[in-house]
Asks: 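Quick one: this structure, given as structure tokens, is what I'll be asking you about.
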Amino acid sequence: MRTFALHPDDPGPGGVNASVSPSQADLADAEALLGGLNEVQQEAARTTEGPVMIIAGPGSGKTRTLTHRIAYLIASKKAWPSQILALTFTNKAAREMRTRVTDLVGPEAKGMWMGTFHSVFARVLRREADKIGFSRDFSIYDTDDQERLLRELMLRAGIDAKKYTPRSVRGRISGAKNQMITPAEYARLASDPYEEVVARLYGPYNDALRKANAMDFDDLLAWPIRLFEQHPDTLKAYQQRWRYVHIDEYQDTNRAQYTLAKLLAAEHKNLCVVGDDAQSIYAFRGADIQNILSFQKDYPNATTVRLEQNYRSTKRIVAFADAIIKGNTGQLDKNLWTDNAEGDPVTLMEALSERDEAQKVERTIRDLHIRAGVPWRQFAVLYRTNAQSRSLEEALRRGNIPYRMVGGTSFYQRKEIKDALAYLRLAVNPSDDASLLRVINTPTRGIGAKTIDGLRRYAAEHGLSLWQAANEPRDAGLPNRAAKAVEDFTFMVSRFASKAASSPADELSREFIQETGLMQSLRDENTPESLVRLENVHELLNAVAEFAQADSDNPRTLSEFLQEVSLVADVDRLADDENRVTLMTLHASKGLEFTVVFVTGMEEGLFPLAKAAQDPTELEEERRLFYVGATRAEEALYLSYARSRYRYGESQGAVRSRFLDELEGTGDLLRTESGAAFRPRTSRFSLPDDGAQGGYRVEYDADGGYSYGSSPAQRRAAKSGYEQMDPHYYRQSLRPGAGKGAPASGRRVEYDDEFSQQAPGGRVVTGARVVHGTFGEGKVIAMEGSGERTSATVHFPRVGQKKLKLKFAKLRVIG
DNA sequence: CGCCGTTTTATTTTT
DNA sequence: TAAAACGGCG
């Protein structure tokens, strides 16, 4: 009978440092656990000394391998469960891994630390909060809260929030934090007016967070690093505790995560990372693909194992995915193969409109469900942007097909839920300014903009938090009526704040939310929507109760609940027991698999997004996203695009994605609905018959621009496609008379007046080629504003992108 | 201060 | 299109 640690924090005799030594019998036991793995996977699981990198293609059983490796460690007594740390990409993945390991080695394995970087280090910070001057009840700020706080700071600093939006400032600060750039460094590096403004806000923003006893997502990684730097003894303790560190989806780690991994593994050097560079899709969030590419440089004695056998998909799907990723350069060497059946070709569906596309998806799902008996839960419909979900939802609802949606306006993103959560956070942490601002007048209680302004001024003058200012409304010089309203508010919050630590979480929440009038105001509104919202608030309160009572011996606090829900991703909430079709973004689909997968919206400007198409690096990331989507499918993969799609409430023509036309050698891999073999490039873009066969490769020109095609022949071919196609083509309305009642004479329809402007030589519209006096020739990549304020973003091969006001810039249109 | 009608503006992806 | 921001009035 094996014995393992009974308590997460006490791994058996001797405490955290307890050494464990395998006996022959233990090793034999452990070995037996590897039976279900193939040889390469076994090798990966068995290599437990030193750094290990597992390069794992999609569907190669990497989670399975990691699970067995951890079970192996425990069974062989190389480590106590609590000496194992596993960092996954989603909490769901962690949950599943924990369950599987527990299945393998028994319930004693519970003490493993598993979760996302963010949730694991939030837990660490909770324990060590006092060391860095926080209280353990710190709030966790999402993007909304961050922007609210920034807006506040910009107001105080007199910065124009129109020109420098809190959203983009937030993005820049987040980027800086991910790169571990301090406010001082940032200020030093700032090289343009925009960065100067960000530099002015970055420091105060951090100070404000600290004053509010709050952390943003990036802080959850940045603070542990600072903690470890300032307290080497603390670092040492964690280094010794975690004898084995595992990181899944390593290709999606950022600089801070990389640093944390390095710090933690410094003692035992048992760092095992798993990932696939071809599936790196989070660069926009600071993920650095370099982390996995240079793992061997960072850890010269690392063992590298490649899992190249795919267990998930048919031969055709694997080959198709391979054809996708071939469009990229510089992937790690991998040779994916599978023993699975040949399978059916991938099907490409063309639709007239997004509605039509959704209908085709719906019909196909129904058909496969009825004729092939595929259960609803085995279907996934993927898309690039959340906005696309609407038409799909409508079609499924019309067809009475049960579905669930991941992301979008998920439960914890809804206004009423965020409001309720803000109240609860305020009870736990009254200095939380962002939460206070959110709810001080929700529902309305006579505290308007002017009153808040007064509090803000008073707080700034005396260096107080808004909460502190709100506690002295009369000193703040508020008129009687307003002061009374503020007093009522602070009195109510204080009453619950004083009980927050002692009362049971569910009871406190219920009473508090009741008291705030939030529910009453929804009830009074009495519209179908408001009643749904009311129901949502009830559901939240139930969730609190469920959380608090999950462990009856050890009821969890409201503060823990709040921190946990801030870190729940949408996929985490994906319940597997529901038999429904899944709708989600391509990003959210990572790590999942379905029998039948639809990748919708395969259109230029959408997938790849217009902005990404301008930049080779971003374009490659989009391509990897396509790769991720395609490799979710086990047996059938459908791609679809619509020839027109609503954008800004107007129907716009669309061209199918270059990702389709660049595919090579897909003869028997890709078919149209009718069963005909797919022919890259339609007649509209038909090529001169010069034998150019290749797909479009994005390449840098000597002048820093880029173009499609590598040989002159290919270049010419490509030009006849995207480069030289009618730049206005995709602006046409396919519905004659749509928009402004423009006459539909032939193919060329009037262009959208709002975004274009007359100039010598023609109209300036997106896609047009123009000449500028100083910058030379360039291409319009975006238009914005109207009338006098119309401006064009133009890409000049020599000088890069410039945003020009048409009123001033003299542009001549040449094509 | 708060309501309501009108105008403007925005669409990546997310822990 | 739809959500947010704006502006005028009671």
Side-chain angles (χ1 to χ4, degrees), chain A residues 87-94 115-122 140-144 146 151 161-162 165 167-168 170-171 174 177-178 215-221 249 252-254 256-257 280-287 354 382-391 406-410 412-413 415 441-453 479 481-482 485 564-572 584-590 601 605-613 618 621-622 624-626 628-629 645-652 754-755 782 784-787 789:
Chain A
L87 298 162
T88 55
F89 194 72
T90 62
N91 287 303
K92 183 170 179 258
T116 61
F117 268 94
H118 289 86
S119 56
V120 163
F121 286 101
I140 296 174
Y141 277 11
D142 67 3
T143 2
D144 251 31
Q146 295 174 47
R151 192 176 293 273
K162 269 270 158 57
T165 62
R167 174 185 292 214
S168 78
R170 188 210 70 82
S174 172
K177 285 192 181 181
N178 283 328
M215 303 215 186
D216 62 23
F217 283 123
D218 308 310
D219 283 343
L220 293 173
L221 306 174
E249 309 284 11
D252 284 316
T253 52
N254 63 28
Q257 290 166 322
S280 159
I281 54 173
Y282 279 99
F284 71 92
R285 205 171 76 186
E354 56 187 324
L382 310 181
Y383 36 81
R384 179 65 181 80
T385 67
N386 281 306
Q388 290 164 252
S389 68
R390 173 178 309 208
S391 52
V406 179
T409 323
S410 75
Y412 284 100
Q413 308 245 28
K415 224 180 269 140
N441 203 31
T442 317
T444 53
R445 49 171 74 86
I447 306 177
K450 209 158 171 208
T451 307
I452 295 174
D453 241 16
R481 210 181 134 111
E564 192 165 298
V565 297
S566 321
L567 300 173
V568 175
D570 278 309
V571 268
D572 294 336
M584 64 188 149
T585 62
L586 287 148
H587 280 90
S589 75
K590 191 163 84 154
L606 189 60
F607 193 29
L609 285 167
K611 193 172 158 271
E618 285 183 49
E621 177 145 322
E622 297 275 310
R624 290 193 293 268
L625 193 55
F626 185 22
V628 166
R645 189 172 292 277
Y646 275 88
R647 272 203 145 184
Y648 298 113
E650 237 183 313
S651 177
Q652 309 251 231
E754 274 175 323
F755 295 103
E784 60 193 334
S786 59
R789 285 182 304 165

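Residue numbers begin at 1 in each chain, while the letters A, B, ... track the order of the sequences. Predicted model only: the values in this text are computed from it and were never measured.
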Asks: Would you say A:Asn386 places a side-chain N or O within less than 4.0 Å of OP1 or OP2 belonging to B:dT12?
Replies: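 Looking at the OP1 and OP2 atoms of B:dT12, neither is under 4.0 Å from any side-chain N or O of A:Asn386.
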
Asks: Describe, in one word, how the ring planes of A:Phe89 and A:Tyr282 are oriented to each other, choosing from parallel (under 30°), tilted (30 to 60°) and perpendicular (over 60°).
Replies: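 A:Phe89 and A:Tyr282: tilted rings.
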
Asks: Using a heavy-atom cut-off of under 4.0 Å over every strand shown, decide if A:Ala387 touches base, sugar-phosphate, or nothing.
Replies: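 It contacts base atoms.
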
Asks: From the set B:dT13, C:dA2, B:dT12, return the single nucleotide nearest to any side-chain atom of A:Lys611.
Replies: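 Nearest to the side-chain atoms of A:Lys611, counting from C-beta on, is B:dT12.
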
Asks: Regarding A:Asp218, tell me which of base, sugar-phosphate or nothing describes its non-hydrogen contacts under 4.0 Å with the strands shown.
Replies: nothing

Asks: CZ of A:Phe121 versus P of B:dT15: gap in Å, rounded?
Replies: 18 Å

Asks: Using nucleotides 5-7 of chain C, report all nitrogen or oxygen pairs with the protein that are shorter than 3.5 Å.
Replies:
from	atom 1	to	atom 2	distance (Å)
C:dC6	OP1	A:Lys162	NZ	3.3

Asks: Would you mind classifying the nucleic acid contact of A:Lys450 as base, sugar-phosphate or nothing, using non-hydrogen atoms under 4.0 angstrom?
Replies: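 Sugar-phosphate: the residue A:Lys450, judged by heavy atoms under 4.0 Å, touches backbone atoms but no base.
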
Asks: Mind checking whether A:Arg647 and A:Leu606 have side chains closer than 4.5 Å, heavy atoms only?
Replies: yes

Asks: Using atom CG of A:Leu382 as one end and atom C1' of B:dT13 as the other, report the distance to the nearest whole Å.
Replies: 13 Å

Asks: Quick one: is A:Ser566 getting a side-chain N or O under 4.0 Å of the B:dT15 phosphate, OP1 or OP2?
Replies: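 It does not, given that no N or O in the side chain of A:Ser566 lies less than 4.0 Å from OP1 or OP2 of B:dT15.
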
Asks: For the side chain of A:Arg390, counting heavy atoms from C-beta on, which of B:dT14, B:dC1, C:dT1 is nearest?
Replies: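 The listed nucleotide nearest to A:Arg390's side chain is C:dT1.
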
Asks: So what's the dot-bracket for DNA chain B: Watson-Crick or G-U pairs under 3.5 Å, [ ] if a pair crosses, | if it pairs off-strand?
Replies: ||||||||||.....

Asks: Nearest to the side chain of A:Tyr648, which nucleotide is it out of B:dT15, B:dT11, B:dC1?
Replies: B:dT11

Asks: What is the distance from CZ of A:Arg285 to P of B:dT14, rounded to the nearest Å?
Replies: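 Those two atoms, CZ and P, are 9 Å apart.
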
Asks: If you look at every strand shown and take non-hydrogen atoms under 4.0 Å, does A:Arg624 touch a base, only sugar-phosphate, or nothing?
Replies: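 No contact at all - A:Arg624 keeps every heavy atom at 4.0 Å or more from the nucleic acid.
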
Asks: Which pairs, protein N/O on one side and nucleotides 2-5 of chain B N/O on the other, fall under 3.5 Å?
Replies:
from	atom 1	to	atom 2	distance (Å)
B:dG2	OP1	A:Gly446	N	2.4
B:dG2	OP2	A:Asn441	ND2	3.2

Asks: Considering every strand and a 4.0 Å limit on heavy-atom distances, what is the contact class for A:Phe117: base, sugar-phosphate, or nothing?
Replies: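 Nothing: the residue A:Phe117, judged by heavy atoms under 4.0 Å, touches no strand.
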
Asks: Within the structure, does a side-chain N or O atom of A:Thr451 lie under 4.0 Å from either OP1 or OP2 of B:dC1?
Replies: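 For B:dC1, OP1/OP2 do have a side-chain N/O of A:Thr451 under 4.0 Å.
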
Asks: Counting C-beta onward and ignoring hydrogens, is there a side-chain heavy-atom pair between A:Gln257 and A:His118 closer than 4.5 Å?
Replies: yes

